[in-house]
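One structure is given here, and the rest of the page talks about it.
Just follow the structure's listing: the first ligand is 1, and inside any ligand the first atom is 1. The shown structure was predicted, so the numbers you read here are calculated from the model rather than taken from an experiment.
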Amino acid sequence: DDQQEMLSIKGAVTSYGQIEVLHEVDITINSGEIVSLVGANGAGKSTLLMTISGLQPLDRGTMTYKGQDLSKVGSDRRVAEGIVQVPEGRQVFKDLSVQDNLLLGAYTRGMSPEVENDLEKMYSKFPILRQKRHNLAGELSGGQQQMLAMGRALMAKPRLLLLDEPSMGLAPLIVEEIFNTIKDLKKEGITIFLVEQNASQALALADRGYVLETGSVVIEGTGKELLSNEKVREAYLGM
Ligand code: ATP
């Protein structure tokens with residue numbers, strides 16, 4: 001059922017040292033949704049994703065995932081429970097093969113016939129990765145590295161996939177391919193939290209969206225509402 005709450009963030013405050021970067025952020029992500037988070041450089045989008053992944057501590061506020069309080073759940077266990085992040089800038093292991101990168105995505109699951117089966121599925125989804133499975137990840141193009149980063153995350157069997165600027169630095173045709181892949185993942189039942197500077201495409205795809213400005217949520221609504229919002233159009237869509 002679509003309206004079931006998957007992730008609930010309430011009053012989230014996060015800092016780097018003395019500098020507070022997120023100020024009482026409230027965000028809800030329902031099961032099956034694509035939720036997009038847009039905002040300028042430095043607004044705190046990546047910080048929020050890292051806080052959800054458990055890579056950045058939450059100073060105040062609460063996060064619950066499928067009704068479970070995340071405060072005492074370490075980052076590895078969050079991955080095992082289905083919260084999986086694709087980091088900004090892909091961060092594939094450039095000196096490892098494509099296949100080893102994919103297998104590393106499944107490290108929380110151990111080696112099993114099921115993992116091998118999923119590897120096959122991944123290669124069907126991204127045929128270019130099969131073709132290049134013995135190449136070093138560093139030899140792939142930017143778009144292919146993005147697909148590898150997503151494939152690696154999928155090997156962890158995400159329920160909630162956190163995507164940090166997947167379209168960054170990619171040519172328009174490749175961007176379209178990435179966004180199509182995101183739509184497919186939603187169809188497969190994966191819930192998606194998408195951080196993007198490419199606001200028009202991210203909102204067009206989204207069930208709902210949030211605008212983050214210097215660490216605060218300033219606008220929220222359906223993707224459609226945000227696309228037609230005056231302020232969003234001026235500040236983020238260049239209209
Ligand atoms: P970008 O698109 O540039 O990644 P963003 O919206 O994701 O922007 P964050 O990367 O979350 O923003 O950064 C939010 C703020 O925190 C910025 O002012 C940034 O300079 C600061 N910041 C980020 N990482 C650190 C860090 N490790 N130590 C100190 N300050 C940081």
Within a strict 4.5 Å, meaning less than it, do heavy atoms of the [X] and [Y] side chains meet?
X: N117; Y: V115; result: no
X: V195; Y: L49; result: yes
X: T51; Y: T47; result: yes

Would you call [X] and [Y] a salt bridge, taking side-chain N to carboxylate O under 4.0 Å as the test?
X: D207; Y: K186; result: yes
X: R60; Y: E24; result: yes
X: E188; Y: K125; result: yes

**Q.** Contact (N/O only, under 3.5 Å) between A43 and ligand 1
**A.**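 Indeed, backbone or side chain, A43 has an N or O that close.
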Identify, for [atom], the protein heavy atom at the shortest distance, and state residue, atom and that distance.
atom: atom 4 (O) of ligand 1; result: E88 OE1, 3.1 Å
atom: atom 14 (C) of ligand 1; result: G42 O, 3.3 Å
atom: atom 13 (O) of ligand 1; result: T47 OG1, 3.8 Å
atom: atom 10 (O) of ligand 1; result: S46 CB, 3.8 Å
atom: atom 1 (P) of ligand 1; result: N41 OD1, 3.5 Å
atom: atom 30 (N) of ligand 1; result: Y16 CD1, 3.4 Å

(Q) If you scan the protein for heavy atoms around atom 27 (N) of ligand 1, do you find one that is closer than 4.0 Å? (A) yes
Q) Can you check whether a protein heavy atom sits less than 4.0 angstrom from atom 17 (C) of ligand 1? A) yes
Q) What do we get for V21 next to ligand 1 when only non-hydrogen atoms under 4.0 Å count, side chain, backbone, both or neither? A)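 Within the 4.0 Å criterion, V21 contacts ligand 1 through side-chain atoms alone.
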Q. Does atom CZ of R159 have more than 12 heavy-atom neighbours from other groups under 6.0 Å away?
A.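 Atom CZ in R159 is not packed in, count stays at 12 or less.
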**Q.** Closest contact, heavy atoms only, D76 versus Y107
**A.** OD1-OH, 3.3 Å
Q: Of all the heavy-atom pairs spanning D26 and V217, show the shortest one and how long it is.
A: O-CG2, 4.1 Å
Tell me whether ligand 1 is touched by [X] - counting only heavy atoms on the residue side and a distance under 4.0 Å.
X: M50; value: no
X: G44; value: yes
X: A40; value: yes

Within the 4.0 Å heavy-atom shell around [X], which atoms of ligand 1 are there?
X: Q197; result: 2 (O)
X: K45; result: 2 (O), 5 (P), 6 (O), 7 (O), 8 (O), 11 (O), 12 (O)
X: E165; result: 2 (O)

Q. Does the salt bridge (Lys or Arg N to Asp or Glu O under 4.0 Å) test come out yes or no for K157 and D118, once each step is laid out?
A. CA-CA 9 Å; K157 285 222 175 281; D118 286 349; 3.3 Å; yes
